[in-house]
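In what follows, a single structure is set out as structure tokens and then discussed.
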There are 2 protein chains.
Amino acid sequence: MTQSPWQPISPAKPVRPAKEPLNRERIVDTALRVMIDQGYEAVSMRKIAQELQTGPASLYAHVANKKELDQLLVDRAAAAMNLPSPPDPERWQEQLKEAMREMLRAMRTMPGVARAAIGAVPLGEAALRTSECLLGILKAGGLPDQAVAWAVDLIPLYVTAVAFEENVQRADQWSPEDLEQFLDGLRSYFASLPADRFPLTMALAGPLTAGAAGDDRFEFGISVITAGLASLAERR
Amino acid sequence: MTQSPWQPISPAKPVRPAKEPLNRERIVDTALRVMIDQGYEAVSMRKIAQELQTGPASLYAHVANKKELDQLLVDRAAAAMNLPSPPDPERWQEQLKEAMREMLRAMRTMPGVARAAIGAVPLGEAALRTSECLLGILKAGGLPDQAVAWAVDLIPLYVTAVAFEENVQRADQWSPEDLEQFLDGLRSYFASLPADRFPLTMALAGPLTAGAAGDDRFEFGISVITAGLASLAERR
DNA sequence: TTCGCGCGTAGAACAGTGTTCGTCAACGAA
DNA sequence: TTCGTTGACGAACACTGTTCTACGCGCGAA
């Protein structure tokens with residue numbers, strides 16, 4: 001089928017520029033960069049495509065869908081964790097806490113990865129490596145196998161949830177002053193409650209609004225979990 | 001200003017049907033209904049408006065935005081929980097576990113509410129009531145005030161995360177067979193790993209994939225948390 | 001009774017989203 | 001040289017939350 005003669009001449013020939021071909025790694029790199037400096041909400045297929053100077057459809061040749069891209073980002077975060085090893089039966093509780101701190105640290109450097117990780121079992125290679133590490137520490141602690149397995153589910157669940165909660169605040173661009181202002185509002189809200197129905201909430205308004213910014217609350221959480229797991233080990 | 005005489009006859013008169021006026025409660029009712037039988041993802045302003053035979057803009061007269069609607073749904077779930085009371089110092093650990101089971105139960109009857117609850121401090125009246133209840137139980141357990149306060153943060157975080165994880169599966173319409181198939185795939189995936197790098201993952205493939213369907217894993221989690229909190233109380 | 005005002009209603013539009021369709025250029029094999 | 005395959009990608013589809021704007025009804029004031 002030849003061209004119709006009256007057709008307008010071919011429009012300026014897009015002349016595909018000799019640019020680096022797309023691949024999965026470049027896509028994940030770009031997504032990670034966008035996520036780090038604009039947050040998870042900004043990571044859209046369109047934005048990444050634009051950043052790579054292409055159209056959104058091009059990405060689908062290398063990534064099944066957005067969910068898979070999310071998983072790849074999670075795996076990047078997991079790869080960035082350097083966890084304690086080898087497991088030491090004498091120090092397993094401290095090692096466990098160190099591991100949890102490291103997990104939170106890695107998730108903090110990539111705000112938004114918690115949002116991508118929550119509610120989806122991470123099965124990438126790097127994620128499995130962290131699981132393997134946790135398994136080692138917990139086995140060194142002398143926990144029964146079933147407890148070890150479930151703990152490996154519980155621990156990332158908690159850390160991810162904490163990171164996610166922090167990122168919700170970060171996503172709204174809260175400054176420390178905003179946070180303090182929010183807490184002030186919260187305290188006066190607690191103070192305005194009906195005293196007959198919420199006596200404890202009112203009495204504990206101070207502690208309830210403490211430690212929101214720093215790591216104290218997280219340290220409390222990992223202490224509770226570690227102590228709880230230790231109690232299972234001791235009664236073996 | 002009279003009508004121009006040449007104007008076409010009044011166009012069928014929209015005749016606003018004598019329908020019940022919109023209000024916040026009807027909106028939340030509808031949203032809840034949609035969420036229960038179609039999941040959280042299906043709860044959109046448009047869909048709710050359509051369900052109420054109106055346009056999406058109408059909702060904004062009664063609800064500030066989607067986030068606020070989410071919070072109202074969460075509060076409905078909180079209102080549906082009937083928690084143990086009064087606190088009993090002799091049975092505080094069992095009461096705590098009962099409370100957590102009840103929280104999960106309520107969230108299960110409203111699949112999707114966990115998605116709405118996660119990462120946003122619930123401050124509605126019903127949510128405060130559950131906090132107050134937890135505060136009572138934990139105080140009865142003899143925990144220090146700061147521990148009580150942080151525990152009240154930790155507990156809903158865990159329960160919500162578990163419920164959310166379950167709902168991700170439910171959202172994808174997984175049947176029990178699908179779940180079993182997924183676990184089979186997981187086990188064979190574990191079996192195919194390089195044995196030198198993932199020895200523990202392979203050895204514990206059984207326990208790792210156990211208890212995904214039932215409540216055993218959740219029971220383990222609440223036991224760990226309760227034991228951890230108890231250890232803080234005992235060393236007072 | 002009539003006027004005017006305000007509030008609730010709601011259609012249309014805006015700026016996004018994930019994803020798919022169909023086309024087009026480039027490249028290796030025949 | 002021609003063919004077939006593959007990757008790239010603009011356009012379009014079906015959505016989303018939210019806002020603008022006009023419209024009509026009920027209610028209080030005159």
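Every chain is numbered from 1, with letters handed out A, B, ... down the list of sequences.
For the salt bridge (Lys or Arg N to Asp or Glu O under 4.0 Å) test, residues two or more places apart in sequence or in another chain that qualify with B/R24 are B/E68. Taking the ring pair (Phe, Tyr, Trp, His ring centres under 6.0 Å) definition, one finds that B/F198 meets it with nothing, sequence neighbours left out. A/Y189 is linked by a ring pair (Phe, Tyr, Trp, His ring centres under 6.0 Å) to nothing, counting only residues two or more places apart in sequence or in another chain. In this structure, the side-chain contact (heavy atoms from CB on, under 4.5 Å) partners of A/A116, at least two apart in sequence or on a different chain, are A/Y40, A/D70, A/V74.
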Filtered N/O pairs between nucleotides 13-15 of chain C and protein, under 3.5 Å:
residue, atom, partner, partner atom, Å
C/dA13, N6, B/R46, NH2, 3.1

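Distance, B/Y60 OH to C/dT9 P: 15 Å, rounded to whole Å. Summarising the geometry, the separation between CG on B/L59 and P on C/dT9 is reported as 10 Å, rounded to the nearest angstrom. The separation between B/N65 atom CG and D/dT16 atom P is 17 Å, rounded to whole Å. Look at NE2 on A/H62: it is 12 Å from C1' on D/dC9, rounded to the nearest Å. We find that CE of A/M45 is positioned 20 Å from P of D/dC13, with the value rounded to whole Å. When rounded to the nearest whole Å, the span between OH of B/Y40 and C1' of D/dT16 equals 12 Å. Going from atom CD of B/E68 over to atom C1' of D/dG17 covers 14 Å, rounded to whole Å. Rounded to an integer number of Å, the gap from CD1 of B/I48 to C1' of D/dT16 is 12 Å.
Note on residues 28-37 of chain A: pairs passing salt bridge (charged side-chain N to carboxylate O under 4.0 Å, His left out), not counting sequence neighbours, are A/D29-A/R76, A/R33-A/E51.
Between D/dA8, C/dT19, D/dT18, one nucleotide has an atom nearer to the side chain of A/A61 than all others, and that is D/dA8. The side chain of A/A57 lies closest to D/dA11, out of D/dA11, C/dG18, D/dG17.
Among the atoms of the strands shown, none is found under 4.0 Å from any heavy atom of A/V63. Nucleic acid contact class of A/S58 (heavy atoms, under 4.0 Å, all strands): base.
Of the side-chain N and O atoms in B/T54, none sit less than 4.0 angstrom from OP1 or OP2 of C/dT9.
With B/S58 contributing its side chain and B/T54 its backbone, the two residues share no donor-acceptor pair below 3.5 Å. Looking only at distances, a side-chain donor or acceptor of B/E132 sits under 3.5 Å from a matching main-chain atom of A/T201.
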